[in-house]
Amino acid sequence: MQFYLAPMEEVTGYVYRNVYHMLFDDVDKYFMPFIAPTKKRVLKTRDRKETAPENNQGVYAVPQILTNHAEQFLDTCDKLLELGYYEINLNLGCPSATVVRKAKGSGFLADTGRLDRFFEVIFRDMDKAKVSLKISVKTRIGLEFPEEFEDILKIFNRYPISEVIIHPRLQKDYYNNTPDLNVFSHALAQSVHPLCYNGDIFTKRQYDDFIEKFPTVERIMLGRGIVANPGLVREVKTGERISKEALKEYHDKLYAGYREALGSEKDALFKMKELWFYLGKSFTGAEKYLKKIRKANRPEEYASAVNGVFK
Ligand SMILES: Cc1cc2nc3c(=O)[nH]c(=O)nc-3n(C[C@H](O)[C@H](O)[C@H](O)COP(=O)(O)O)c2cc1C
């Protein structure tokens, strides 16, 4: 099985990737949170930092692009190629209303004709320029109805996409309801590309159940499950559960990493609070201290609340 770390905006950026790689080193690919190209044709400061080779040493990182504009996609690919990336992912999953309104992310799935032309242009131009970039997609199954995926998959099947990562939810689901395993199963039978499954695997038990249902799947992407329990992949592979000490080290290294990268205690605290939204789920009976973490404004308050949780 190949394991991928999911892109999570503001969560699994380069600081996170480096800490995870240093402590756990058990995923095959790290997908970067999306880059949204603009007309200016330059990478934003944040995207430059995120993709800088010195911030991604030793990790197999895959940049992701969120656009519906073939030229902007190709332009960004050029810049990423220059930085040494040979695999790029297209975001067809983002459910956020502002993104969908612009027909990007999962919003791009609403117009299959446009999606078809987009792929036609990018693969034709890359072929002409003899660029050997792998282009993968990460997709939801539609906006409103699971039946939408039938046509979407037909389009993917027409192009040399390197892999299709499916998070089988609809745009309208956001993160509600459960992933639609029927649609995933159908896609498994119909896709000419390798498929990767993504969605709601938070425990070894859920992983085992999934694999029992889909024994032919060879790629799994995990997001919130890893952020909450960075020992998840090891547990799945070996049965060994993460220790409290290892979890504390993960926390401490991330906190130190954010302080250094952001140069601001306040910003680092904010980042850590976001992390706790997921990490908090790994603890039971700690609600009192988790609440203190949410309220902490000063590093001392935060440190004391964190100690409370770990105790
Ligand atoms: C806070 C947050 C940020 C996310 N950012 C991205 C993103 O930048 N690109 C993307 O393709 N998906 C993004 N996702 C979706 C995840 O990659 C993943 O598909 C989703 O969380 C389901 O997988 P999981 O159940 O393993 O977490 C994000 C999800 C969350 C919760």
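Only a predicted model underlies this, so the values are computations on that prediction, with no experimental measurement involved. For reference, positions follow the sequence shown, starting with 1. Each ligand, and each atom within it, is numbered from 1 in the order the structure gives. Below, each value reflects all heavy atoms present in this structure, side chains not excepted, and no hydrogens, waters or symmetry copies.
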Close-range residues for ligand 1, whose non-hydrogen atoms fall below the 4.0 Å threshold
A6, P7, M8, E9, P33, F34, Q64, N91, K138, H167, Y175, N198, G199, D200, L222, G223, R224, Y278
Can you tell me how far the CZ atom of R241 sits from the CG atom of L232, to the nearest 0.5 Å?
10.5 Å
Hey, mind stepping through K271 and D267 against salt bridge (charged side-chain N to carboxylate O under 4.0 Å, His left out) and telling me if it holds?
CA-CA 6 Å; K271 277 279 187 202; D267 294 348; over 6 Å; no
Applying side chain to side chain donor-acceptor pair (under 3.5 Å), which residue pairs with at least one partner in residues 81-108 are found, sequence neighbours left out?
K29-E87, N56-Y85, Y60-E87, Q64-N89, Q64-N91, N89-S136, S96-T98
Please say yes or no: joined through hydrophobic side-chain contacts below 4.5 Å, possibly via intermediate residues, are L74 and F34 part of one cluster?
no
Cation-pi, Y175 ring and R140 (6.0 angstrom, 45 degrees):
yes
Compute both the distance and the angle, then confirm whether K253 meets the cation-pi test with Y20: under 6.0 Å from the six-membered ring centre, within 45 degrees of the axis.
no
